Amino acid sequence: MTTTVNETEIKYEAPPGTTVPRLGELPSVADASGPEEQLLEAEYYDTNDMRLIRHGVTLRRRRGGSDPGWHLKLPAGDRTRREIQLPLGRGRQVPARLAGLVRGYTRGEALRPVARISTRRQVLTLLDGSGASLAEIAADDVSAQTLGEETVISQWAEVEVELTGGGPRLLRAADAQLRKDGLQPSSRSAKLERALGWPGQASPGQDGPGHDGPAHDGPAQDGPAVDVRRAAAHGHGGRQQDTGPASAGEVVLGYLNKHAERLGSLDPLVRGDEPDSVHQMRVTTRRLRSTLQSFGKVIPRSGTEEILAGLKWLGGVLGEARDAEVLASRLMRNLRTLPAELVLGPAQARAQGHFAPIQAAARKNVLAALESGRYFALRDALDALLADPPLSADAARPAGRVLPAAARRTHRRTQHRMRQAGHAPAGHPQEGAYHEARKAAKRARYAGEAVSPAFGKEARRFTRQMKKIQTVLGDHQDAVVARGVDRELGISAHLAGENAFTFGLLYDQEDQQAARLRAQARRTWKRTPPPHFRHWAR
């Protein structure tokens, strides 16, 4: 049986022989149980070039403790990893389900044991007034041995605080007390990193739980020639730190790196059919494609045409699955909100029968795409682009001299498309024109997102404005597409000898909703103040 849980924890460096800390008063904690001693024996699996751990993913087979079995841990946000567990079984071969979930990382490379780690653990369980577990505090004495051509043996001690039912307030309080006692958060998120002798990575945990900062998604591959993290040093609200002005290349590559990593982290979630994962992967694909299109003067289009074509293809496959999901949910919701006397004939059964094969086929196509050579080639090309980006001369110039002009072009494109839609003939031509305006607004929004680390408040305001108009136009497109499905279902119901009244009623509702949204889009655009791009470079 497969079990999936979210694991939120902080690790701390500790001197040898550290015992489990007995913390004082903490929020909601009424009692403690333990300490209990456990002996854990784990074998970690990865490719020869460590493709999993380089992306913050670990795969292990562990005996001992309260949850023996196969554990796959995937990045899921700041200090949180999604853990997928399977029983131990009889053999040491990686279960096919787990191997399949990480195919987006391994891309055909074999998984093999890369380290054995033994942990002698003391666990103290923090309990609330009813005796339910809130958190576990563990003191670990660790012995590790790498496997392969060379063997490295190491030992260390660490302390972990893991939430088991408590919330962020408890984690912050425990963190504050452990720091006060002299412990510091570890710069490594997994024991395997320490076993391999990897240097610690910069971690948002350095500033404590709840600190504003990017989520830690694990160590990345070899980075691009430009230090893309410098762009983030400009902070929230455009406050510049002492690193100096970021270059245009650093800002754009920082955004691309972030979403290339996110594309990888979403891959196993889509394969595992996690809720909303297809939608999130589709949005990430669009962000990558839009950024390469908008900032062609930083990364020339001549070096990205293959990637752009691949992202368009992948977005299309994901879009079919997402659109089927959204349309089915919308239609069933509309049917449920109609008065019972207006639902004539087997309308719900017909709608379900219409969408079930479409959704099944779309799901099958998504999985086939993720197993295809074209998808792996796209991922390889993205990695290669970010490892050695073909930057233009403009990429080395300060961001303030280059990027506002690119954002201005996306705004002008949106302005032009909105003007065209306003003058287009009523009916399909106008609806299509508003759809094109929506795509332009989306590209402008993503351009604003990409440059926000360098330009702060002004860029974020622009991003919000473009998102607002994109949302209205997106709702309009949804109504137009849903109206077409209502018509199709009404025709099929009529041809089957059923009463098509209900689908005609839904068609009319969507038609009126589309008209209202067109008017709302015009008002929203008219009220949107023009961005002052010249202020961005200050």
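All of these numbers come straight from a predicted model, not from anything done at the bench. What you see below is based on every heavy atom in this structure, not just the backbone, and it leaves out hydrogens, waters and symmetry mates.
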Test log, rule side chain to side chain donor-acceptor pair (under 3.5 Å), inputs S265 and E261: CA-CA 6 Å; S265 67; E261 278 294 317; over 6 Å; no
Trace of the side chain to side chain contact (heavy atoms under 4.5 Å, CB included) decision for E9 with R81: CA-CA 9 Å; E9 67 178 16; R81 292 189 289 176; 3.8 Å; yes
Report the C-alpha separation of R62 and D67 in whole Å, then their side-chain angles, then the decisive distance to 0.1 Å, and conclude whether the side chain to side chain contact (heavy atoms under 4.5 Å, CB included) test is met. CA-CA 8 Å; R62 191 171 78 181; D67 60 345; 2.6 Å; yes
Would R271 and E371 count as a salt bridge (charged side-chain N to carboxylate O under 4.0 Å, His left out) if you check the C-alpha gap in whole Å, the side-chain angles of each, and the deciding distance to 0.1 Å? CA-CA 10 Å; R271 293 173 187 268; E371 287 293 327; 2.5 Å; yes
Criterion side chain to side chain contact (heavy atoms under 4.5 Å, CB included) on I469 and T528, from CA distance to verdict: CA-CA 9 Å; I469 187 65; T528 300; 5.6 Å; no
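Remark: R397 engages D394 in a side-chain hydrogen bond (donor to acceptor under 3.5 Å, both in side chains) (not counting sequence neighbours). For Y434, the ring-ring contact (aromatic ring centres under 6.0 Å, His included) criterion is met by H476, not counting sequence neighbours. D276 pairs by the side-chain hydrogen bond (donor to acceptor under 3.5 Å, both in side chains) definition with Q280, not counting sequence neighbours. Partners of K73 by side-chain hydrogen bond (donor to acceptor under 3.5 Å, both in side chains), not counting sequence neighbours, listed by chain and number: E7. In this view, E274 and R82 satisfy the salt bridge (Lys or Arg N to Asp or Glu O under 4.0 Å) rule, not counting sequence neighbours. The side-chain contact (heavy atoms from CB on, under 4.5 Å) check on S329 picks up R333, with sequence neighbours excluded. Qualifying ring-ring contact (aromatic ring centres under 6.0 Å, His included) partners for W156, counting only residues two or more places apart in sequence or in other chains: none. By the side-chain hydrogen bond (donor to acceptor under 3.5 Å, both in side chains) test, E320 is found to be paired with no residue, residues two or more places apart in sequence or in another chain being considered. For F462, the ring-ring contact (aromatic ring centres under 6.0 Å, His included) criterion is met by F533, W536, not counting sequence neighbours. Shown here are the ring-ring contact (aromatic ring centres under 6.0 Å, His included) partners of H416, two or more places apart in sequence or in another chain: there are none.
Other residues, nucleotides and ligands place no more than 12 heavy atoms under 6.0 Å from the CZ atom of R169. Atom CZ of R412 is surrounded by 12 or fewer heavy atoms from other residues, nucleotides or ligands within 6.0 Å.
Evaluation of the salt bridge (Lys or Arg N to Asp or Glu O under 4.0 Å) test over residues 284-294, restricted to residues two or more places apart or in two chains, returns R287-E449.
Interatomic distance, L163 CG to T8 OG1, rounded to the nearest 0.5 Å: 5.5 Å. Expressed to the nearest 0.5 Å, how far CG of L196 lies from CG of D46 amounts to 8.0 Å. The OH atom of Y446 sits 9.5 Å away from the OG1 atom of T291 when rounded to the nearest 0.5 Å. The distance from the CG atom of L98 to the CG atom of L59 is 6.0 Å, given to the nearest 0.5 Å. Between the OH atom of Y45 and the CD1 atom of I53 there is a distance of 16.0 Å, given to the nearest 0.5 Å. Here D380 contributes atom CG and L385 contributes atom CG; the two are 12.5 Å apart, rounded to the nearest 0.5 Å.
Checked by atom type and distance alone, the side chain of T146 pairs as donor or acceptor with a backbone atom of V152 at under 3.5 Å. Without hydrogens or angle criteria, D475 side chain to L517 main chain gives no donor-acceptor distance under 3.5 Å.
Counting heavy atoms from C-beta on, the side chains of I84 and T3 never come closer than 4.5 Å. No side-chain heavy atom of T524 sits less than 4.5 Å from a side-chain heavy atom of T471. Here the side chains of D323 and V481 are not in contact, with every heavy-atom distance at 4.5 Å or above. Side chains of P185 and Y12 form a contact here, defined as non-hydrogen atoms less than 4.5 Å apart. Looking at V317 and L370, their side chains never come closer than 4.5 Å, going by heavy atoms from C-beta outward. Proximity of L52 to L111: side-chain heavy atoms (C-beta onward) are separated by under 4.5 Å at one or more points. At a threshold of 4.5 Å between non-hydrogen side-chain atoms, the residues D273 and R363 count as touching. By the 4.5 Å heavy-atom criterion applied to side chains, Y105 and D267 are not counted as neighbours.
Residues S277 and L269 share a closest heavy-atom pair of OG-O, 3.4 Å. Scanning both residues, A444 and H411, for their nearest heavy atoms gives CB-N, 4.4 Å. The heavy-atom pair separating T463 from R445 by the smallest distance is CG2-O, 3.7 Å. Looking at every heavy atom in both residues, A190 comes nearest to T58 through CB-CG2, 3.8 Å. When every heavy atom of T47 is checked against every heavy atom of V114, the shortest pair comes out as O-CG1, 4.2 Å. Shown here for L263 and T284, the closest heavy-atom pair between the two residues is N-CG2, 3.8 Å.
Just one of R79, R172, E160, E162 meets the side chain to side chain contact (heavy atoms under 4.5 Å, CB included) condition when paired with I10; it is R79. Between L473 and the options K442, M418, H435, a side chain to side chain contact (heavy atoms under 4.5 Å, CB included) holds for only M418. Shown are R60, R61, Q85; of these, the side-chain hydrogen bond (donor to acceptor under 3.5 Å, both in side chains) with H71 is made only by R60. With respect to E158, the salt bridge (Lys or Arg N to Asp or Glu O under 4.0 Å) criterion is satisfied by exactly one of R194, K11, R188: K11. Results of the side chain to side chain contact (heavy atoms under 4.5 Å, CB included) test with L266 over M281, R282, H259 single out M281 as the only residue that passes.
Taking 4.0 Å as the cut-off between side-chain N and carboxylate O, R107 and E109 do not count as a salt-bridged pair. By the 4.0 Å N-to-carboxylate-O rule, D175 lies close enough to R179 to be salt-bridged with it. A salt bridge is absent between D478 and R438; no separation between the charged side-chain nitrogens and carboxylate oxygens falls under 4.0 Å.
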Taking only distance into account, with no hydrogens and no angle test, what donor-acceptor pairs under 3.5 Å do side-chain atoms of residues 292-306 form with protein atoms, sequence neighbours excluded?
from: Q293; atom 1: OE1; to: R443; atom 2: NH2; distance (Å): 3.0
from: S294; atom 1: OG; to: S290; atom 2: O; distance (Å): 3.0
from: T304; atom 1: OG1; to: R301; atom 2: O; distance (Å): 3.3

